[in-house]
Protein chains: 2
Amino acid sequence: MASIQGRRPPVMADVAREAGVSHQTVSRVLNEHPNVRGETRTRVLEAIDKLGYRRNLVARALVTKHSRTLGVVSFDTTLYGPASTVYGIEQAARAAGYFVSIVSLKSIDRSGVRDALDYLADQGVDGIVVVAPQRSAARALADLPLDVPAVAVEGGEAGDVPVVCVDQVEGGRLATEHLLSLGHETVWHVRGPSDWLEAEGRVAGWRAALEAAGRQAPEPLAGDWSPRSGYEAGRSLASLRDVTAVFVANDQMALGVLRAFTERGVKVPAQVSVVGFDDIPESEFFSPPLTTIRQDFGAVGRHSIGVLLRQIEGGGEHERLVVPPAFVRRASTARR
Amino acid sequence: MASIQGRRPPVMADVAREAGVSHQTVSRVLNEHPNVRGETRTRVLEAIDKLGYRRNLVARALVTKHSRTLGVVSFDTTLYGPASTVYGIEQAARAAGYFVSIVSLKSIDRSGVRDALDYLADQGVDGIVVVAPQRSAARALADLPLDVPAVAVEGGEAGDVPVVCVDQVEGGRLATEHLLSLGHETVWHVRGPSDWLEAEGRVAGWRAALEAAGRQAPEPLAGDWSPRSGYEAGRSLASLRDVTAVFVANDQMALGVLRAFTERGVKVPAQVSVVGFDDIPESEFFSPPLTTIRQDFGAVGRHSIGVLLRQIEGGGEHERLVVPPAFVRRASTARR
DNA sequence: CTACGTTATGTTAACGCTAACAACACTCTG
DNA sequence: CAGAGTGTTGTTAGCGTTAACATAACGTAG
């Protein structure tokens, strides 16, 4: 029930008066302190209910030095990957009783990351998750003198900061091995931007699988994650001879590749097999449905909060948590 | 420069001592109060720099009653629309000097919305943006006794709460009129979930355009925004006679429709024309590239912050701001 | 029955900041 | 040169909470 009186919302002292106790006793009830008599507790709770009292978390944060807020710094949360990760983070944080304050960066350079961290530190967050898929971001994070516990997501080696990431190398390997196992002589690659650690990891896995099979690795084609860049890479590939298998570093670019192949009359998977990466909700309905590598972004988000809370509460060692990717077979790949 | 001494970070009193002034003068400098002598100001700023002082925003919020934090409640920020809107909101809010605390809901029922709002109110946010595309959310918002300024995004009629939205009816009309102008006898529709206001608006625009042209409106097919539901609708449509034009309520479902048509050997746009809605980054690379209706989510986000800040600062009238959609012609539609 | 630990409660003092008022040095006016 | 204004600074008192200590009531052991 909301109070009707005056204007100002009720404070602890009001509840105390109503219940005939001291404000400290009210505080004890709220904080579930054991040494409160049952009858007193119910009287206090009744008063709280009657007055519609809500504890002022700002005042609480001032004295406890804990805001129960976590900061999240991310790059372009419009993209499926970051958006899903942030979603997982938010769910996990809220389940653990933490608020989430978010900063989305347009560009991840050192000063951008530094500003974001400063900004969040000013706000008094208890911990920070940095979704730092770019090398520059990871490096900025590593260099920064942090007075707040932090976790890097997809951060590669981020100095003293614990890292949670998907095993990109393994993903690249899975994709490439699948194509080789179908009898393809070699596998072409449309890679992501060189500043991105995820892109590097996928390239590394692709190269490793080719080498292990004793195959020559063609020069990878450069993309920027966008469908358009995939489209352009696809046009280049379509005009080459001997291209029978392509591993594309994400599903959006794979869509562009498929589009270019369609335009050029290249049949997938009859003439060329294509594997993507991410497993976005759309890829099952591409033409043809895309074979891809699934990343469990939700798990990454949850784990990052787990690691962060352990840091905040326990003290915490320098953890590094790697989430395995999963291979998803669909219709864009076929035997040579 | 960070201070090396002791442990505890410096507070205003430390700066005051260092600069040989009172802490209140430090506060004045920080708040850009006009009545501070230039020389004093620089002495204070030097002391701040020397000690690496950072103002404690929690303490500040306690006394000013303003946290400079805005709350955002949204449904499934994994989807492109909500993610883009939230991104726009976050950018605009930060530009205005506000923090953004976000709550992503899995389901938008009354209690979910109420809990989220309570949660944010507890945190002491200065205002709330509710991305409330579902009727239930809008209604929950309208019913709630709010003690904090709020804005609904895509909220339809949300009681006393100002609304910012895209003109969905107009979008539905644009899509349908385009198809009719190409000589199609009538236009079929794959609609979104009935609880969603956006879905309703698009249906209304579609129906209005058909009526204005004196055409019969076929029974709309139901979808849930997912590519799969579009795929299923597409299979149904493929088995019907006389379907030459389809307006699909979002691009993801349109992808599913295209996939179903491809499987059944229905040629787009030769046999059937398809129009989507949203203009997600992928749709330009569908096969064929999708004609669609673009929503400017960024503008919606920015406007919602504008309206909210006017509410917070000015007092504010009950605004209602409608953002127009834009027609994007690509290759999935053709003359009958 | 006294002394002492235990439980339940109250009192006081922070936390770090801003608001309100007080005080002082000036300048300006008549 | 007295009085009023103005600019600059300091002092004091909160904001609403929790932490630390003080106190009272009670049961129990010696």
Side-chain angles (χ1 to χ4, degrees), chain A residues 3 6-45 47-48 51-69 97 99 121-126 147, chain B residues 3 6-45 47-48 51-69 121-126 147:
Chain A
S3 70
R7 206 41 35 252
R8 145 188 90 76
V11 298
M12 221 172 237
D14 300 323
V15 175
R17 199 174 315 114
E18 178 72 29
V21 297
S22 76
H23 65 120
Q24 179 62 312
T25 297
V26 177
S27 172
R28 290 200 182 93
V29 169
L30 252 29
N31 293 320
E32 290 171 8
H33 187 101
N35 291 352
V36 177
R37 197 151 48 105
E39 196 224 323
T40 311
R41 179 188 311 280
T42 58
R43 228 170 47 238
V44 168
L45 291 175
I48 287 175
L51 299 181
Y53 168 75
R54 323 211 59 176
R55 148 161 73 180
N56 182 327
L57 293 183
V58 172
R60 179 175 218 235
L62 178 60
V63 50
T64 61
K65 315 273 190 199
H66 298 298
S67 60
R68 293 203 75 83
T69 298
F99 295 95
D122 272 0
Q123 198 196 8
V125 297
D126 294 344
D147 42 355
Chain B
S3 71
R7 206 42 35 253
R8 139 188 95 74
V11 298
M12 221 172 237
D14 299 323
V15 175
R17 199 174 314 114
E18 178 72 30
V21 297
S22 75
H23 64 122
Q24 178 63 324
T25 297
V26 177
S27 172
R28 289 199 184 95
V29 170
L30 253 30
N31 293 319
E32 290 170 7
H33 188 102
N35 292 352
V36 178
R37 197 152 46 105
E39 196 224 321
T40 310
R41 179 189 309 280
T42 59
R43 229 171 47 240
V44 168
L45 290 175
I48 286 175
L51 299 181
Y53 169 76
R54 323 212 56 175
R55 147 160 75 180
N56 182 325
L57 292 183
V58 173
R60 177 175 220 235
L62 178 60
V63 50
T64 62
K65 314 273 190 202
H66 297 299
S67 60
R68 293 203 74 82
T69 298
D122 272 0
Q123 198 195 5
V125 297
D126 294 343
D147 41 357

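Every chain is numbered from 1 and lettered A, B, ... according to where its sequence line falls, protein lines coming before strand lines. Just the heavy atoms: all of them, side chains too, but no hydrogens, waters or symmetry mates, feed the values below.
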query = Between Arg43(B) and Ala19(B), is there a donor-acceptor pair closer than 3.5 Å when you use the side chain of the first and the backbone of the second?
reply = yes
task = Output yes when a side-chain donor or acceptor of Arg68(A) lies under 3.5 Å from a complementary backbone atom of Gly97(A), and no otherwise.
result = yes
Ser22(A) side chain near Thr25(A) side chain, heavy-atom distance below 4.5 Å = yes
message = Can you tell whether the side chains of Arg8(A) and Asp14(A) come within less than 4.0 Å, N to carboxylate O?
response = yes
key: Rounded distance [0.5 Å steps], OG1 in Thr69(B) versus CD in Gln123(A)   = 5.0 Å
inquiry  = Would you compute the distance between atom CG of Leu30(A) and atom NE2 of His33(A) and round it to the nearest 0.5 angstrom?
reply    = 13.5 Å
message = Need two values: the first and the last nucleotide of DNA chain C, 5' to 3', having an atom under 4.0 Å from any heavy-atom of chain A.
response = dA8(C) to dG16(C)
ask   = Once each nucleotide of nucleotides 17-26 of chain D is scored for protein heavy atoms under 4.0 Å, what B/S/- sequence comes out, 5' to 3'?
value = BBBB------
query = Any side-chain heavy atom of Thr40(B) sitting closer than 4.5 Å to one from Arg28(B)?
reply = no
query = Which part of the nucleic acid, if any, lies within reach of Ser22(B) when heavy atoms closer than 4.0 Å are counted: base, sugar-phosphate only, or nothing?
reply = base
key: Min side-chain heavy-atom separation Asn31(A)-Arg55(A) under 4.5 Å   = yes
ask   = NA contact type, Val58(B), heavy-atom cut-off 4.0 Å: base, sugar-phosphate, or nothing?
value = nothing
